[in-house]
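This report concerns only the one structure given below.
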Amino acid sequence: MRDEFYSRIDATLADLREQGLEKIERQITSPQGPEIEVNHNGKTVRVLNFCANNYLGLADHPEIVAAAKSTMDEYGFGMASVRFICGTTDLHRRVEKEIANFLGYEDSILFAACFDANGGVFEPLLGKEDAIISDALNHASIIDGVRLCKAKRYRFANSDMDDLRKQLEQANADGARTKLIVTDGVFSMDGYIAKLDKLCALADEFDALVMVDDCHATGFMGPHGEGAPAHCGVAKRVDILTGTLGKALGGGMGGYICATKEVVHLLRNRARPYLFSNALTPALLGATLKTLELVRDGDGLRKQLFRNAERFRAQMTEAGFDLLPGEHPIIPVMIYDARKAGEMAAALMEEGVYVTAFSFPVVPHDKARIRTQMCAAHTDEQVDKAVTAFIKAGKQVGVI
Ligand SMILES: *Cc1c(COP(=O)(O)O)cnc(C)c1O
């Protein structure tokens with residue numbers, strides 16, 4: 001029986017390999033940044049990085065690193081406790097208050113990751129009398145969180161407001177007590193921004209709550225980095241906002257939920273990934289306080305990020321590449337064929353540009369792409385160098 005188990009594992013791995021879906025992790029030997037050192041075929045090479053979630057370029061910021069170090073000196077390394085036993089420091093509460101304040105909420109609650117925040121948010125707040133109406137392209141962690149909750153599930157086609165209306169009507173017909181509409185603020189495979197203005201108008205019409213997972217927007221979208229709801233002019237209408245410290249906000253780790261202070265207090269009492277998992281480390285929190293300060297003063301970084309996105313978009317379009325339209329610093333270069341997308345990423349690595357090919361099941365069949373992501377720390381020269389590399393690799397692989 002045990003033999004049968006291990007041979008099944010081998011067969012599954014062989015199957016992944018055969019379908020070209022096996023993920024091999026490259027090893028980086030430098031800090032995360034616009035230019036990194038990676039191990040490539042046994043050699044260390046320096047390459048431009050165009051696939052990190054390091055939108056504001058803060059992952060290796062010297063002031064953040066210094067804040068982490070000095071906090072570690074003051075508070076030590078680990079908490080060795082969940083929050084409610086002896087894992088809450090003044091730093092935890094300061095970070096929670098700062099995040100809530102920045103995003104315009106009464107309070108927030110920290111988790112080890114946004115994956116945990118989304119995994120823990122639904123079950124304590126909704127029961128079997130309630131309805132969750134979820135966008136079809138929502139992040140895996142939302143899908144898992146919804147599964148853990150007893151509420152009835154409804155799914156609407158990605159950003160399709162007619163379908164959302166239909167699902168809301170169905171939830172009403174089914175006698176839902178509370179309806180919660182859930183969406184990503186930005187859909188990460190395409191860089192498309194959710195139609196939050198229209199979504200909130202429908203929520204008003206149907207007296208529904210709104211939850212937004214803003215992992216790919218907080219810190220850089222919106223007038224001062226408050227995210228996709230502010231970008232769409234509906235920041236005040238979003239009841240529950242989840243996000244990550246692992247992307248634009250320094251790229252360390254940790255997640256959070258913003259809501260009213262009562263909702264947050266109930267989550268502290270009932271959210272399982274919070275109750276049964278270790279508290280975040282002090283160094284991370286000290287670094288996050290510095291990060292939030294830099295993000296609040298980050299209009300210059302945001303401007304640079306979108307300038308870089310525009311520069312890349314304009315030159316790549318001019319060169320004949322097929323880009324998904326938009327304004328977000330996620331810029332997918334459509335290749336369509338999965339094998340070609342893989343070849344393209346490999347050819348770009350030879351040209352000193354690190355990007356990743358995405359194919360099924362992460363994106364639909366025949367919609368393979370190179371998902372590029374811009375960073376405020378990229379210089380004009382680095383953006384131009386990436387475009388030159390794309391042109392050379394694109395001709396080699398037969399994409400342009
Ligand atoms: C990255 C991401 C997450 C997970 O965040 P972690 O903090 O890395 O767990 C959740 N939702 C969305 C939309 C994301 O992009």
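We number each residue from 1, following the sequence as shown. Predicted model, so just to flag it, every value in this text is computed and none were measured. Every number for a ligand or one of its atoms is a count from 1 in the order of the listing.
Taking a cutoff of 4.0 Å between a charged side-chain nitrogen and a carboxylate oxygen, R311 and D384 qualify as a salt bridge. A salt bridge does not link R296 to E293: none of the charged nitrogens lies less than 4.0 Å from a carboxylate oxygen.
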With a 3.5 Å cut-off and sequence neighbours excluded, list the donor-acceptor pairs that the side chains of residues 336-352 form with protein atoms.
residue : atom : partner : partner atom : Å
Y336    : OH   : D322    : OD2          : 2.5
D337    : OD2  : R339    : N            : 3.4
D337    : OD2  : K340    : N            : 2.9
R339    : NH1  : E343    : OE2          : 2.7
K340    : NZ   : G398    : O            : 3.4
E350    : OE2  : H40     : NE2          : 3.0
E351    : OE2  : K392    : NZ           : 3.2

Show me the donor-acceptor pairs within less than 3.5 Å that the side chains of residues 218-225 make with the rest of the protein, sequence neighbours left out.
residue : atom : partner : partner atom : Å
T218    : OG1  : D214    : O            : 3.0
H224    : ND1  : D299    : OD1          : 3.2
H224    : ND1  : D299    : OD2          : 3.2

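Within 4.0 Å of ligand 1, protein heavy atoms come from A113, C114, F115, N118, H139, S141, D184, D213, C215, H216, T244, K247, G254.
Residue pairs meeting the ring pair (Phe, Tyr, Trp, His ring centres under 6.0 Å) criterion with at least one member in residues 269-299, sequence neighbours excluded: F111-Y274.
Cluster annotation: M374 is not connected to V47 through the hydrophobic network of ILVMFWY side chains, with a link wherever side-chain heavy atoms come within less than 4.5 Å.
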